[in-house]
Amino acid sequence: MKYSKKAAAALLSGVLALQGMPVLNPSAAEGDLLVTDFEDGDVKAFSKRGDEDTSVIASTTEDAHSGKTCMAVTERSQGWNGPSVSLESLGCKPGVQYLATAWVKMKWYNTVRLSMQYTDEDGEQHYDNLAQIISDGKWVQIPVTKFSYTSGMKDVSIYIEGNDKAEMWVDDFSLTAAPVYEIQKDIPSLKDVYADSFKIGCAVTAKELSPKSTQDLILKHCNSLTLGNELKPENMLNQKATLAYLEETGDNTVPQVKLNGAAKIILDFCRDNDIPVRGHVLVWHSQTPFWFFTEDYTAEGKVVDKATMLKRMENYIKGVFEALEAEYSDVNFYAWDVVNEAFSEGGGPREPGKYEDGNGSSPWVKVFGDNSFIEPAFEYARKYAPKGTKLYYNDYNEYISSKQDGIIKLATSLKAKGLIDGIGLQSHLNVTNNHTSDPFPTAGQYEIALKKYAELGLDLQVTELDCTYDDDVANGEKLQAKYYSDIMDAIVKYKDSISAVVFWGTTDDQSWRADRNPLLFNEEYKAKPCFESIIDGIEYTTAPYQEPAKKTTTTTTVTTEPSADAALLRGDVNCSGAVDVSDAVLLARFVAEDSKAQISAIGKKNADADRTTGITSDDVIAILRIIAKLD
Ligand code: GLA
């Protein structure tokens, strides 16, 4: 088994990217953190997931995927049982992107998941699925997944689990540092291109935000940001505290709300860089735990009556705005989605039920019997949102006429009462409909929808724009470019009614529709033909690229003056007495002329690590070679 002491190789790429140098490809051997075919019988890097996990993890020569040996996980007693690898123990670091995959086999038909577990700053455990695959008793490969984590996430591990307790076999496990790419700094900034029309935004999750390139991409192109998941009820509601409050007071109408570490990562970034935020979302049938609706706050309980639910809704909305006001009163939440996706395609309410029941069932409809929960949601949002916050109803397939009729009727009534400011048009579009027909919607259909909504006299925001194709890349990207351009032409035509256009994601590989490449940038952060096509023909002036001047959520590197007896030590740029990655990062920033990266006189001597004249980027490499013990 190869363990990498070679985390430095991954960092090397990261540090090189920081200063605009050509980037190494860490998928080469040095970037491998844990790559094993188990042929040596060593399974030590894997452990079961805590005391309650009954898994027995051992090597076996029974039916390996490659070679003669693989890892067997037997005696699992729960779906979540399985082999886990601690990332810290391998030398992984926050903000670095990794690639992971493995071949797996389960005894019966089963969904096998590669997931990540971490503890947030409040000590709460989180579990995120990274990739999954079905094994029907045969070997299958978990799709290669790219992921990273942030410094707020502790005890990070990745693990393999299944749907049930069947035996599991794992072979050809691989965890490597992902190649690092820089953004293109010399292309126009979208926010400048559209400065006279509307804000340009994107959605991002805390995990996606950790690589510097993603931060750079957002800072270059966006003047609006949406938190992809972190402000949704499932993340804002705290069941433990809610139960404790009930126990203490006997009051079952005050769900407890908490801003968790992941939300803070993005909100800190917005505050530090003055990026206005679209709040998303207060009331939704999905990503809202069912316990929020039940008498005893358990997922199995009976739903409460309308009066109780109205109080819960009011207290929840109040709680969200109070939590944000307490810590982020200086972040500009210029818009909030109050209610999301309440209409069925036919224009009526959704089916009543648990979201988990399928068919898009809504627990809100289960309690209220219809869509009568929408108006009070807007009333409460108006009551508790900071003055000036614009309130939106947000939905998808907003161009299907029956659904559109429902939305327009609702919006007309809310507008008459002064409760709504605008409509959020999600705009999850498809350029090729599996080659069977025209795109859906056609640009023409989309434009007709814009016209109808604009006639309402409300503000419009395109809130989740992405556009998939089902084709080979060359042809698909061509069609996508033309389609995006037609859609943006329609949007620009109605610019007087549209205040923001927000893309749902940053780069294709991080999209929720990653298999159909729906965004403007590919996984190498490179602008795709659709980027070119949507700026083509527009007159703009664009500012040259500037490194973010303000602090961001990444580590800031500032040296302290060394004490008088600080010694000369090759590579010890910050004069800490040792040579480590912080020296490489500091030097990389110094070379890149980051004004915050100060180096003392002795530090400068130490910085000349390759012992040639002067401090150059070659010294960064020399330091990383020292750390990796290659020198
Ligand atoms: C909907 C929601 C978003 C997001 C996307 C999929 O459009 O409004 O919050 O969940 O689905 O990622």
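Just so you know, residue 1 is the first one in the sequence shown, and it goes up from there. As the structure lists them, so they are numbered: ligands from 1, and atoms in each ligand from 1.
- Protein residues with any heavy atom under 4.0 Å from ligand 1: K232, H280, W284, Q287, N340, E341, Q426, H428, E464, W504, W512.
- With hydrogens and angles disregarded, a donor-acceptor distance shorter than 3.5 Å links the side chain of K354 to the backbone of A299.
- Checked options T468, D470, D466; the residue passing with N430 is T468 (criterion: side-chain hydrogen bond (donor to acceptor under 3.5 Å, both in side chains)).
- Ring geometry, F333 versus W336: the interplanar angle falls under 30°, so the pair is classed parallel (tilted spans 30 to 60°).
- K417 and E375 are joined by a salt bridge, as a carboxylate oxygen and a charged side-chain nitrogen come within less than 4.0 angstrom of each other.
- A side-chain hydrogen bond (donor to acceptor under 3.5 Å, both in side chains) with E341 is found for exactly one of W284, Y393, Y396, namely W284.
- The closest side-chain donor-acceptor pair between K528 and Q480 falls under 3.5 angstrom.
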